Structures are given as structure tokens and as C-alpha cells.
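Just so it is clear, the values below take in all heavy atoms, side chains as well, and ignore hydrogens, waters and symmetry mates. Bear in mind that the values here come from a model prediction, so they are computed numbers and not experimental data. The first residue of the sequence shown is numbered 1, and numbering continues consecutively from there.
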Amino acid sequence: QVQLVESGGGLVQAGGSLRLSCATSGRTFSIYAMAWFRQAPGKEREFVARIRWPGVITTYANSVKGRFTISGDNAKNTMYLQMNSLKPEDTADYYCAAVLTQRSLYDYDYWGQGTQVTVSS
């Protein structure tokens with residue numbers, strides 16, 4: 001089992017920055033990759049970014065490329081999402097996820113409870 005806990009969400013003005021954290025516990029040595037997803041009110045959950053764990057190979061959704069940076073600290077068992085140049089359309093609940101084997105970009109074994117990000121215009 002792997003447990004995931006997100007933090008760092010909040011209210012920010014457009015153009016501002018936030019850093020989300022995802023603390024992991026349990027069988028963290030088994031993790032193959034981790035990712036961030038988001039879900040805005042009334043919309044489906046969408047992929048944001050993924051990182052091979054532990055490592056530096058990353059993948060981003062086009063909507064956040066150049067503005068968001070995913071990273072990980074294996075020693076702290078924590079994944080981060082640095083979000084810069086935030087836009088109102090980035091407003092959503094953000095979820096971290098982990099997968100234990102190589103699978104689709106959108107298929108994960110474990111999910112956190114989410115942290116809310118609100119970007120005001």
C-alpha cells in the first residue's frame with residue numbers, strides 16, 4: 001500500500017505562484033511513477049504532469065507546459081508541483097497519484113485526497 005497526502009493549495013491571484021506537495025508513505029520503494037491530475041467544477045479530471053520515480057523524466061499536459069514544473073525528492077518521499085504564471089482556468093482540485101508498474105499515462109494505483117487551488121482574476 002502507498003499513502004498520498006497533498007498540501008499547498010490555496011487562493012492566489014492570476015499571475016501568481018503556488019507549490020503543491022505530495023507526501024508519500026508506505027511501500028514508496030515500489031513506486032514506478034507519480035503524477036498530478038486536476039478536476040475543475042463540472043469538468044472531468046485531467047492529466048497535468050508525471051515524473052518517473054525516482055528520476056527526472058517528466059511529461060506535461062500542453063496546457064501547463066512552460067508554467068508548471070514537477071519534481072521529486074526521494075529522500076523526503078515527496079513530490080512537488082511548482083505552478084507559476086497561474087491563470088483562472090487553473091482553478092481546480094489537484095490530486096497526486098502513484099503507479100507501481102509501467103502503464104498508461106492516465107492509469108494509477110493510488111490517489112490522494114486532493115488540495116484545492118483557486119486562481120482569482
Side-chain angles (χ1 to χ4, degrees):
Q1 292 286 337
V2 175
Q3 293 78 42
L4 307 172
V5 178
E6 303 95 335
S7 62
L11 173 64
V12 64
Q13 288 189 332
S17 298
L18 277 177
R19 188 176 81 156
L20 305 183
S21 298
C22 175
T24 69
S25 60
R27 296 183 58 191
T28 58
F29 58 90
S30 300
I31 294 174
Y32 175 83
M34 296 188 67
W36 288 97
F37 285 76
R38 66 186 181 186
Q39 186 167 20
K43 295 188 177 181
E44 293 187 352
R45 185 171 60 193
E46 66 171 343
F47 169 80
V48 175
R50 167 170 157 148
I51 186 167
R52 177 73 170 89
W53 195 264
V56 296
I57 299 175
T58 57
T59 305
Y60 294 92
N62 288 334
S63 58
V64 306
K65 200 172 293 184
R67 299 188 298 123
F68 291 10
T69 302
I70 188 171
S71 63
D73 187 331
N74 192 40
K76 295 183 178 180
N77 291 325
T78 302
M79 176 180 66
Y80 303 98
L81 185 68
Q82 178 67 43
M83 305 187 294
N84 299 328
S85 302
L86 282 161
K87 305 175 181 179
E89 50 264 44
D90 294 319
T91 294
D93 290 327
Y94 283 71
Y95 299 88
C96 65
V99 65
L100 304 185
T101 57
Q102 183 177 1
R103 294 212 298 269
S104 158
L105 203 58
Y106 310 100
D107 188 9
Y108 292 81
D109 299 308
Y110 300 99
W111 294 85
Q113 294 299 307
T115 185
Q116 188 174 52
V117 172
T118 303
V119 184
S120 63
S121 57

ask   = Gln102: what forms a side-chain contact (heavy atoms from CB on, under 4.5 Å) with it, not counting sequence neighbours?
value = Tyr32

query = Which distance, rounded to the nearest 0.5 Å, do you find between the CE of Met34 and the CZ of Arg50?
reply = 11.5 Å

Tyr94 side, atom OH; Glu6 side, atom CD - distance, nearest 0.5 Å = 12.5 Å

task = Check for a donor-acceptor pair, side chain of Asp107 on one end and backbone N or O of Ser104 on the other, with a separation under 3.5 Å.
result = no

ask   = Which heavy atom in Met79 sits nearest to a heavy atom in Ala35, and how many Å separate them?
value = CE-O, 3.4 Å

key: Sequence-distant partners of Ala23, side-chain contact (heavy atoms from CB on, under 4.5 Å), two or more places apart   = Thr78

When the side chains of residues 58-66 are checked against the rest of the protein, which donor-acceptor pairs come out under 3.5 Å, sequence neighbours left out?
| residue | atom | partner | partner atom | Å |
| --- | --- | --- | --- | --- |
| Tyr60 | OH | Ile70 | N | 2.8 |
| Asn62 | OD1 | Lys65 | NZ | 3.3 |

task = For Glu46, enumerate each residue passing the side-chain contact (heavy atoms from CB on, under 4.5 Å) test, keeping only those at least two apart in sequence or located in another chain.
result = Arg38

Sequence neighbours left out, cut at 3.5 Å: what donor-acceptor pairs do the side chains of residues 113-121 make with other protein atoms?
| residue | atom | partner | partner atom | Å |
| --- | --- | --- | --- | --- |
| Thr115 | OG1 | Gly9 | N | 3.1 |

ask   = Can you name the residues that form a ring-ring contact (aromatic ring centres under 6.0 Å, His included) with Phe37, not counting sequence neighbours?
value = Phe47, Tyr108, Trp111

task = Could you pull out all residues at least two apart from Asp73 that satisfy salt bridge (Lys or Arg N to Asp or Glu O under 4.0 Å)?
result = none

Please list, one pair per line, the donor and acceptor atoms closer than 3.5 Å that link side chains of residues 10-22 to other protein atoms, with sequence neighbours excluded.
| residue | atom | partner | partner atom | Å |
| --- | --- | --- | --- | --- |
| Ser17 | OG | Asn84 | OD1 | 2.9 |

Inter-residue atom distance Thr24.OG1 - Leu4.CG, 0.5 Å rounding = 7.0 Å

message = My understanding is that a hydrophobic cluster links ILVMFWY residues whose side chain heavy atoms are under 4.5 Å apart, including indirect links. Using that, what else belongs to the cluster containing Val56?
response = none

note = Rounded to the nearest 0.5 angstrom, the CZ-CG distance for Phe68 and Asp90 is 4.0 Å

Trp36 and Ile51, any side-chain heavy atoms less than 4.5 Å apart = no

message = Main chain of Leu100, side chain of Asp109: is a donor-acceptor contact present, judged purely on distance under 3.5 Å?
response = yes

inquiry  = Would the distance check show the side chain of Arg67 and the main-chain N or O of Ser85 forming a donor-acceptor pair, the cut-off being under 3.5 Å?
reply    = yes

request  = Would you mind listing the cluster partners of Val5? Hydrophobic ones only (ILVMFWY), side-chain contacts under 4.5 Å, chaining allowed.
outcome  = none

task = Return each pair, listed once, that meets disulfide bond (SG atoms under 2.5 Å apart) where at least one residue sits in residues 23-87; pairs must be two or more places apart or across chains.
result = none

ILVMFWY clustering at 4.5 Å (side-chain atoms), partners of Phe29 = none

task = Identify the heavy atoms of Tyr110 and Val2 that sit nearest to each other, and give their distance.
result = CD2-O, 3.4 Å

inquiry  = Closer than 3.5 angstrom, by distance alone: can the side chain of Thr28 be matched with the main-chain N or O of Ser25 as a donor-acceptor pair?
reply    = no

Joint cluster assignment, Tyr80 & Val48, ILVMFWY side-chain distance < 4.5 Å = no

